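Heads up, the thing below is written out as structure tokens.
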Amino acid sequence: MEKLIGRNLNISVFISGRGSNLLSLINYSKIKKSKIKINLVISNNKFSKGLEFAKKNNIKYYVINYAKKKQAELKILGYLKKNKIDLICLAGFMKILSSSFIRKFKKPILNIHPSLLPKYKGLNTHKRAIKNKDKFSGATVHWVTPKLDSGKIILQKKVRISKTDTEHTLAKKVLKIEHNLYPAAIEKILKKTNL
Ligand code: GRF
């Protein structure tokens with residue numbers, strides 16, 4: 001893998017909705033010690049609220065029509081190449097990347113997931129944690145592989161589930177820790193691997 005020491009890491013963030021993790025990454029990219037730059041935002045949904053954060057921060061963005069997945073992915077690969085993207089951060093992106101996409105991109109892809117993986121892969125994580133009367137939930141940043149939510153874990157943080165927590169209050173607690181966890185995970189991999 002090409003070494004990136006001494007220059008910024010060009011990141012593309014993929015979103016589908018609210019984009020609060022995108023915002024936390026944008027904010028992190030602006031602090032002095034940060035080695036990352038958010039160059040490109042990809043969304044499969046033109047109504048994503050997160051696109052506003054791209055607009056406000058003059059970040060290039062594309063809305064991709066996913067009706068035909070293969071074509072959509074080829075288009076995205078073209079944009080990634082054109083913008084010299086080194087790393088993809090999935091942040092609430094509701095489409096599953098094909099193994100062909102992951103292979104062709106050749107560079108690392110990260111995801112943030114609202115559970116303590118390997119527990120609760122997929123959707124409705126908070127509902128399942130509460131239903132199972134778990135004492136803790138949390139968030140995980142992991143490498144993306146063709147198998148959903150199953151790549152190696154980079155960083156994880158716990159939150160306590162209280163007796164009064166609902167799916168909604170737990171989601172709020174977890175989201176709050178996500179906003180620090182994603183930048184921390186990027187710092188961790190930059191320190192360890194000089195990507
Ligand atoms: C987050 O909870 C993230 O863990 C999950 O989707 C949600 C996205 O939230 N993958 P936001 O769009 O970043 O606000």
Side-chain angles (χ1 to χ4, degrees), residues 11-30 34 36 38-57 59 61-64 66 76 87-98 101-102 108-132 134 136-161 165-189:
I11 293 186
S12 174
V13 183
F14 287 24
I15 61 170
S16 296
R18 178 180 53 193
S20 67
N21 279 289
L22 166 65
L23 181 62
S24 89
L25 290 172
I26 293 173
N27 289 338
Y28 170 68
S29 74
K30 289 181 183 165
S34 163
I36 70 164
I38 313 294
N39 302 61
L40 184 66
V41 172
I42 298 288
S43 176
N44 64 307
N45 170 14
K46 66 176 178 190
F47 300 112
S48 297
K49 275 178 91 182
L51 290 173
E52 292 305 317
F53 302 130
K55 285 180 206 167
K56 264 192 207 139
N57 288 279
I59 298 169
Y61 66 90
Y62 292 102
V63 175
I64 306 291
Y66 247 79
I76 298 173
L87 173 74
I88 295 173
C89 290
L90 304 181
F93 186 59
M94 300 304 282
K95 297 286 175 189
I96 295 175
L97 299 174
S98 70
F101 178 95
I102 295 171
I109 307 176
L110 305 182
N111 182 40
I112 187 155
H113 185 76
S115 80
L116 294 172
L117 287 174
K119 262 194 160 178
Y120 312 130
K121 296 171 183 175
L123 299 175
N124 301 318
T125 55
H126 309 303
K127 199 179 188 171
R128 289 189 276 162
I130 287 178
K131 195 171 166 228
N132 287 340
D134 288 355
F136 292 95
S137 184
T140 306
V141 176
H142 64 94
W143 299 105
V144 170
T145 63
K147 222 170 149 205
L148 184 71
D149 299 329
S150 298
K152 204 168 167 220
I153 291 170
I154 297 164
L155 213 56
Q156 203 162 51
K157 194 162 181 200
K158 276 185 187 173
V159 291
R160 188 178 283 282
I161 304 178
D165 266 329
T166 61
E167 200 182 328
H168 178 73
T169 58
L170 180 58
K172 237 176 138 176
K173 271 190 203 171
V174 171
L175 192 65
K176 200 168 166 204
I177 61 166
E178 288 185 35
H179 296 156
N180 293 323
L181 194 70
Y182 221 159
I186 293 174
E187 270 191 19
K188 184 175 173 187
I189 59 169

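Numbering of ligands and ligand atoms starts at 1, following listing order. Bear in mind that the values here come from a model prediction, so they are computed numbers and not experimental data.
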*Close approach, G19 and ligand 1, non-hydrogen under 4.0 angstrom*: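 Contact check G19 vs ligand 1: positive.
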
_Best match, I15, T140, N21: closest heavy atom to atom 13 (O) of ligand 1_ =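 It is N21 whose heavy atom sits nearest to atom 13 (O) of ligand 1.
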
*Are N57 and I38 side-chain neighbours, meaning at least one heavy-atom pair lies under 4.5 Å?*
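Counting from C-beta outward, N57 and I38 never come under 4.5 Å.
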
_Side chains of Y62 and L40 in contact at under 4.5 Å (non-hydrogen atoms)_ =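 SC-SC contact between Y62 and L40 confirmed.
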
*Contacting atoms of ligand 1, where contact means under 4.0 angstrom from a heavy atom of E178*: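 Selected atoms, number and element: 1 (C), 2 (O), 3 (C), 4 (O).
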
*N/O to N/O below 3.5 Å, does that happen between I112 and ligand 1?*
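For ligand 1, there is an N or O atom that lies under 3.5 Å from one belonging to I112.
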
Over all heavy atoms of both residues, which pair between [X] and [Y] is shortest? Give the atoms and the distance, please.
X: Y66; Y: F93; answer: OH-CZ, 3.7 Å
X: G122; Y: D149; answer: N-OD2, 2.8 Å
X: L181; Y: Q156; answer: CD1-C, 4.1 Å

*Closest protein heavy atom (residue, atom, distance) for atom 8 (C) of ligand 1*: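 Atom 8 (C) of ligand 1 sits closest to the protein heavy atom G92 CA, 3.6 Å.
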
*To the nearest 0.1 Å, how far is atom 9 (O) of ligand 1 from its closest protein heavy atom, and which atom is that?*
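Looking only at protein heavy atoms, the one closest to atom 9 (O) of ligand 1 is R18 NH2, 3.0 Å.
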
